[in-house]
Amino acid sequence: MPTETVYGLAANALDPVAVARIFEAKNRPAFDPLIVHIGQRAELAQLVTHLPAEAEALMQAFWPGPLTLVLPKTEAVPDLVTSGLPHVAVRMPRHPLALRLLQSLPFPLAAPSANPFGYVSPTTAQHVMDQLADQVGFVLDGGPCQVGLESTVVGFRSDRAIILRQGGIPQEAIEEVLGHAVDSQTSQSRPDAPGQMDSHYAPHRTIHLLEHGTRPTDVAKESWISFAPHAEAMASLAPDGSVATAAQRLFGVLRHLDQQPGGPVWIEKAPEIGLGRAVNDRLMRAAHRA
Ligand code: TXA
Ligand code: MG
């Protein structure tokens, strides 16, 4: 299914057998929990037992949209969906086709990104076909994803929001709605962010990162991707220089790189603001070597 972030591999979230097929198709380890997608607020009652006021405020501001909330689960949610955790991740996507699909079904859809485990997430229907054609019945083609990287995942500690994964809703926007600074506990320090592998989105070519605003020394033009366009770089992440464009193009660029023969590539990071945080998070995972 299309969403505004990336394409998802969807199954009935309340049917453990259907959910097991997701793990099988993606070759995903069972300790990596899935996001449950809903088409309307009323479905929440069936899935979660408690809604902190801050969760309410964030839903009001960002749903439908690229925000996932991790909340205490009801017994209706199979343990396989949450990898045995007592919390379930829920989001209401804003892609019109995704919303129509969800609203036409009598159950919510569990959907991880529709890529083989550990690989770059798909942002077009063709990306899904390239990698999972033999595993899925069909792909609902909703065009290229507008946001281009995954949703922001927010959990709650004593009812206070904490960011578990940077994504399509910028941290600054969340802080503005809540009226206070929010901790970001992603990646390295992450007891509460299961499944966030340091090495992820890993293309076969070695990726080196350059701090934003810097350029490589002694590196051939063919192996340098700048952030904004630069005459000496082979390509740029953001032809218009914006972090939103970099987010939208990032996975396509990584995928394209992976299809080209060649040695190491140097990529300039985004500025660490807004969607730039999520872009840099994904870049660091792509560059990470176990
Ligand atoms: O934008 C998105 O979020 C996309 C589209 C398809 O909606 N989905 C997506 O799913 O990125 P996936 O499976 O690739 O990533 C889900 C991540 C997990 O790896 C984990 O970090 C977090 O969401 N997550 C899911 N359930 C959780 C839970 N119960 N507690 C904490 N984190 C959870
Ligand atoms: Mg994924």
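Just follow the structure's listing: the first ligand is 1, and inside any ligand the first atom is 1. For the numbers below, each heavy atom of this structure counts, side chains included, while hydrogens, waters and symmetry mates do not.
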Does any N or O atom in Thr3 lie less than 3.5 angstrom from one in ligand 1, N or O only?
no
Is there an N/O/S atom in Ser113 that lies less than 2.8 Å from the Mg ion (ligand 2)?
yes
Treating Glu268 as the side-chain partner and Gly213 as the backbone partner, does any N or O pair qualify as donor plus acceptor under 3.5 Å?
yes
Under 3.5 Å between some N or O of ligand 1 and some N or O of Glu150?
no
Side chain or backbone of Asp32 under 4.0 Å from ligand 1, or both, or neither, by non-hydrogen atoms?
side chain
Could you tell me whether His212 and Phe227 have their ring centroids closer than 6.0 angstrom?
yes
Does this structure show an ion pair linking Arg165 with Glu150, if we count only N-O contacts that are shorter than 4.0 Å?
no
Heavy-atom nearest neighbour of atom 12 (P) of ligand 1 within options Ser113, Ser121, Ser83:
Ser113
Checking Thr123 against Tyr7 for the side-chain contact (heavy atoms from CB on, under 4.5 Å) test, could you report, in this order, the C-alpha distance in whole Å, the side-chain angles of both residues, the deciding distance, and whether it holds?
CA-CA 6 Å; Thr123 52; Tyr7 276 73; 5.7 Å; no
Those atoms of ligand 1 less than 4.0 Å from some heavy atom in Gly8:
6 (C)
Side chain or backbone, does Thr68 bring an N or O within less than 3.5 Å of an N or O on ligand 1?
no
Per-atom contacts, ligand 1 versus His87 - under 4.0 Å to a heavy atom:
29 (N)
Which atoms of ligand 1 sit under 4.0 Å from any heavy atom of Pro112?
10 (O), 12 (P), 13 (O)
Would you mind listing which atoms of ligand 1 come within a distance below 4.0 Å of any non-hydrogen atom of Ala89?
25 (C), 26 (N), 27 (C)
Show, in sequence, the C-alpha distance, side-chain angles and deciding distance for Val81 and Val36, and conclude whether the side-chain contact (heavy atoms from CB on, under 4.5 Å) test is met.
CA-CA 8 Å; Val81 170; Val36 175; 3.7 Å; yes
Under a heavy-atom criterion of less than 4.0 Å, does His37 contact ligand 1?
yes
Thr82 N/O under 3.5 Å from ligand 1 N/O
no
Measuring only between side-chain heavy atoms, which start at C-beta, is Arg215 closer than 4.5 Å to Ser226?
no
Counting only heavy atoms closer than 4.0 Å, does ligand 1 sit against the backbone of His95, its side chain, both, or neither?
neither
Within 4.0 Å of some non-hydrogen atom of Thr5, the atoms of ligand 1 are 1 (O), 2 (C), 4 (C), 5 (C)
Taking 4.0 angstrom as the limit and counting only heavy atoms of Arg165, give me the atoms of ligand 1 inside it, by number and element.
2 (C), 3 (O), 9 (C), 11 (O), 15 (O), 16 (C), 17 (C)
Assigning hydrophobic clusters by single linkage (Ile, Leu, Val, Met, Phe, Trp, Tyr; side-chain heavy-atom cutoff under 4.5 Å), is Leu283 placed with Val6?
yes
My understanding is that only one of His95, Arg91, Arg94 makes a side-chain hydrogen bond (donor to acceptor under 3.5 Å, both in side chains) with Thr3; could you say which?
Arg91
Within-shell test, Met1 vs ligand 1, heavy atom, strictly < 4.0 Å
no
Separation of Gln131 CD from Gln126 CD (nearest 0.5 Å):
11.0 Å
Do the side chains of Asp281 and Arg285 get close enough for a salt bridge, i.e. N-O under 4.0 angstrom?
yes
